[in-house]
Amino acid sequence: DFMTRSLGAAQDNINRLMALVNNLLDLDKLESGHIELLPENIAAAQIVSTAVNAVETLFLSKNIAVSHNIDSSLMVVADKERIVQVLINLLGNAVKYSAPHSKVSVRARKEGRFVRFMVTDSGRGIPEDKLQTVFERFRQVEASDEKVHKGAGLGLAISKAIIEKHNGKIGVDSTLGEGSTFWFTLPIGS
């Protein structure tokens with residue numbers, strides 16, 4: 001029916017958009033430090049809602065519920081566009097590896113002089129021996145993913161470069177069969 005077709009078309013557009021977003025940043029430039037960040041004092045909640053709204057159709061297409069309830073007083077010092085890009089990448093991955101009708105949550109909390117952002121899915125999880133390599137270029141967890149999920153596998157490498165450029169850290173905690181939490185930290189704002 002029309003609804004399904006238009007959702008399908010929206011999905012294709014989003015996939016293209018995400019591929020574009022993932023590769024917009026030249027990883028080599030980032031890694032060699034030639035990229036200019038425009039850091040500002042910005043509300044964590046604003047960054048999260050911008051990213052969630054950008055991928056909303058993606059969630060709808062799989063009937064995945066996304067929750068984000070971020071303390072409105074929580075501030076970070078960050079380049080908004082770059083961090084929205086990181087979150088879009090993490091949210092996109094969460095949807096990609098989650099079953100229909102499951103849940104994804106985005107949280108943020110203060111940790112000392114940093115704010116930790118967490119994107120949690122209830123997907124299949126990542127094997128322990130693969131946890132270290134997911135942030136390397138062109139890695140996808142299973143060879144079979146290559147066929148199912150098109151993508152250069154640059155997203156996480158770019159995300160890592162962006163977060164490190166902000167003097168933050170990025171990582172993943174995962175339990176096989178139970179899901180994953182991708183997290184990153186950013187300097188706290190005032």
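Predicted, not measured: the structure shown is a model, and the values here were computed from it.
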Evaluation steps, side-chain contact (heavy atoms from CB on, under 4.5 Å), between Phe117 and Thr185: CA-CA 6 Å; Phe117 291 79; Thr185 60; over 6 Å; no

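- A 4.5 Å side-chain heavy-atom check between Val86 and Ile163 finds at least one atom pair inside the cut-off.
- For the atom pair Ile64 CD1 and Glu56 CD, the distance stands at 13.0 Å (nearest 0.5 Å).
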side-chain contact (heavy atoms from CB on, under 4.5 Å) between Leu156 and Leu90, worked out: CA-CA 8 Å; Leu156 288 174; Leu90 297 183; 3.6 Å; yes

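- At least one side-chain heavy atom of Ile83 sits less than 4.5 Å from a side-chain heavy atom of His166.
- Contact of the Phe114 side chain with the Val76 side chain is not registered, since no non-hydrogen atoms from C-beta on lie closer than 4.5 Å.
- Leu74 and Val115 get closest at one heavy-atom pair: CD2-CG1, 3.9 Å.
- In this structure, Lys165 NZ and Lys160 NZ are separated by 14.5 Å, a value rounded to the nearest 0.5 Å.
- Both Phe59 and Val106 sit in one connected hydrophobic cluster of ILVMFWY residues. Membership requires side-chain heavy atoms under 4.5 Å apart, directly or through other members.
- Ile158 places a side-chain heavy atom less than 4.5 Å from the side chain of Gln85.
- Val77 has its side chain out of reach of Ile188: every pair of non-hydrogen atoms, C-beta onward, lies at least 4.5 Å apart.
- Annotation for Arg82 and Ile162: closest pair CB-CG2, 3.7 Å, computed over non-hydrogen atoms.
- Note: Ser98 OG to Lys103 NZ = 11.5 Å, rounded to the nearest 0.5 Å.
- Lys80 NZ: more than 12 foreign heavy atoms inside a 6.0 Å radius.
- Taking the side chain as every heavy atom from C-beta outward, Trp183 and Lys169 approach each other to under 4.5 Å.
- Val95 and Val84 fall within a single hydrophobic cluster, where Ile, Leu, Val, Met, Phe, Trp and Tyr side chains are chained together by heavy-atom contacts under 4.5 Å.
- Listed here is the closest heavy atom pair of Ala54 and Ile88: CB-CD1, 3.7 Å.
- Here the side chains of Asp121 and Ser102 are not in contact, with every heavy-atom distance at 4.5 Å or above.
- Cluster membership check: Met118 does not share its hydrophobic cluster with Val48, using side-chain heavy-atom separations under 4.5 Å among Ile, Leu, Val, Met, Phe, Trp and Tyr.
- Taking 4.5 Å as the limit, some side-chain heavy atom of Leu87 sits within range of a side-chain heavy atom of Phe184.
- Ion pairing between a basic and an acidic side chain is recognised when a charged N comes within 4.0 Å of a carboxylate O; Glu111 and Arg109 show such pairing.
- Residues Asn41 and Ser190 approach most closely at ND2-O, 2.5 Å, considering heavy atoms.
- One N or O on the side chain of Asp79 and one on the backbone of Leu38 form a donor-acceptor pair closer than 3.5 Å.
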Got a list of side-chain donor-acceptor pairs under 3.5 Å for residues 175-182, not counting sequence neighbours?
{"residue": "Ser180", "atom": "OG", "partner": "Ser174", "partner atom": "OG", "Å": "2.9"}
{"residue": "Thr181", "atom": "OG1", "partner": "Thr120", "partner atom": "OG1", "Å": "2.8"}

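- If you take CZ on Phe135 and CD1 on Ile170, they are separated by 4.5 Å, rounding to the nearest 0.5 Å.
- Judged as a side-chain hydrogen bond (donor to acceptor under 3.5 Å, both in side chains), the pairs with a partner in residues 62-75 (not counting sequence neighbours) are, in order, Asp71-Ser73.
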